[in-house]
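The structure appears below as structure tokens.
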2 protein chains.
Amino acid sequence: MTTADPISGVFAALADPTRRAILARLASGEATVNELAEPFPISLQAISKHLNVLERAGLIARTREAQWRRCRIEPAPLRDIAGWVEQYRRLWEERYDTLGGYLDDLQKEQS
Amino acid sequence: MTTADPISGVFAALADPTRRAILARLASGEATVNELAEPFPISLQAISKHLNVLERAGLIARTREAQWRRCRIEPAPLRDIAGWVEQYRRLWEERYDTLGGYLDDLQKEQS
DNA sequence: CGGTTAATCAACCGATAGGTTGAGAGTACC
DNA sequence: GGTACTCTCAACCTATCGGTTGATTAACCG
């Protein structure tokens, strides 16, 4: 991630399976850091770093509550990703599911 | 990307703005490596590396044609990403009603 | 054959990612 | 106040990323 491009940060955050698992957990409700860390075989500090990445990407928000940090998912960046991918929908939606017809039809589309 | 998890590779590939620009270019038709490299201020070798990343992620395919390698986009991984993001759609549809029509509008705008 | 063009391979480099351990800050509870 | 618990900060380490330059493979052309 060379640039400060926000969408790059979202994709980069989603590129890690641990972070996707954390998001999946948060999709079913808020959780504290320890609760999020529990399923993983890595240190709490590593989880804290993952949460930093998710937070900088805008994918989660943390609120402090006594000694706990409660984390919740923030869906806006996911919506952005969905919008980005949507640009390419026609490539698999219209017509070609077989590789055979794909090349021919793409060629035709060009001319 | 610690694991061999295929979807992680796709997200990682999409995390780079140069690679996303290459995909955008390929969405409008096939191109050779030199054609793809032309808009960027970096070396051809760097572009070649980016194409390797995209190819390993399944996002493009390369066919050799005389001395040229013709690149084309492979939409299947993008469809997978769309499917993955879809899991979270309710999070912004249920909680953030004001954004409800976003995707519909985007759809309209594209066509 | 020799020269040119297209693209990759290979080695290297600085920066960053993801993990560790150890220490520290903030809050609750007795 | 002392102790326990929750979480972050800081330093460090290794591997990977994104870029460079230089050499190499492969095909075409005169």
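Numbers restart at 1 for each chain; the letters A, B, ... are given by sequence-line order, proteins then strands. Hydrogens, waters and symmetry mates are skipped; everything else that's a heavy atom, side chains included, is used.
Side-chain atoms of A:Thr32 never come within 3.5 Å of backbone atoms of A:Trp68 as a donor-acceptor pair (strictly under, hydrogens ignored). Distance alone, capped at 3.5 Å, places no donor-acceptor pair between the B:Ser8 side chain and the A:Asp16 backbone.
With respect to B:Arg20 and A:Asp5, a salt bridge is recorded, a charged nitrogen being found less than 4.0 Å from a carboxylate O. Contact check on A:Glu86 versus A:Arg89 returns a salt bridge, with a Lys/Arg side-chain nitrogen under 4.0 Å from an Asp/Glu carboxylate oxygen.
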So which protein nitrogen or oxygen atoms get under 3.5 Å of nucleotides 7-11 of chain C's nitrogens or oxygens?
residue	atom	partner	partner atom	Å
C:dA7	OP1	B:Val33	N	3.3
C:dA7	OP1	B:Arg69	N	3.2
C:dA7	OP2	B:Asn34	N	2.8
C:dA7	OP2	B:Asn34	ND2	2.4
C:dT8	OP1	B:Arg62	NH1	2.5
C:dT8	OP2	B:Ser48	OG	2.5
C:dT8	O5'	B:Ser48	OG	3.4

Pairing string, 5' to 3', for DNA chain D - Watson-Crick or wobble contacts under 3.5 Å, brackets [ ] where pairs cross, | to another strand: ||||||||||||||||||||||||||||||
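Listed candidates were C:dG19, D:dG19, C:dT27. Nearest to the side chain of B:Ala46 is D:dG19.
Taken together through direct or relayed side-chain contacts under 4.5 Å among Ile, Leu, Val, Met, Phe, Trp and Tyr, B:Leu14 and A:Val53 form parts of separate hydrophobic clusters.
Across the protein-nucleic acid pair, B:Arg19 atom CZ and D:dG18 atom C1' stand 8 Å apart, rounded to whole Å. The CD1 atom of B:Ile22 sits 11 Å away from the P atom of D:dG18 (whole-angstrom rounding). As rounded to whole Å, 15 Å separates atom C1' of D:dA26 from atom CD of B:Glu65. Rounded to whole Å, atom P of D:dC17 lies 15 Å from atom CD1 of B:Ile42. Spacing between atom CG of B:Asp16 and atom C1' of D:dC17 amounts to 9 Å, rounded to whole angstrom units. Rounded to whole Å, the distance from CG on A:Leu54 to P on C:dG18 is 10 Å.
Identified under the ring-ring contact (aromatic ring centres under 6.0 Å, His included) test for residues 9-46 of chain A, with sequence neighbours left out: A:Phe11-A:Trp84.
The shortest distance between the side-chain N/O atoms of A:His50 and the OP1/OP2 oxygens of C:dA17 is not below 4.0 Å. Look at A:Ser43 and you won't find any side-chain N or O under 4.0 angstrom from OP1 or OP2 of C:dG19.
Judged purely by distance below 3.5 Å, without hydrogens or angles, the side chains of B:Asn34 and B:Arg69 never pair a donor atom with an acceptor atom.
Taking both residues in full, the closest heavy atoms of A:Ala13 and A:Ala57 are given as CB-CB, 3.9 Å, listed atom of the first, atom of the second, then distance.
Screening B:Leu23, B:Leu59, B:Leu54 for a side chain to side chain contact (heavy atoms under 4.5 Å, CB included) with B:Ile73, the sole residue that qualifies is B:Leu23.
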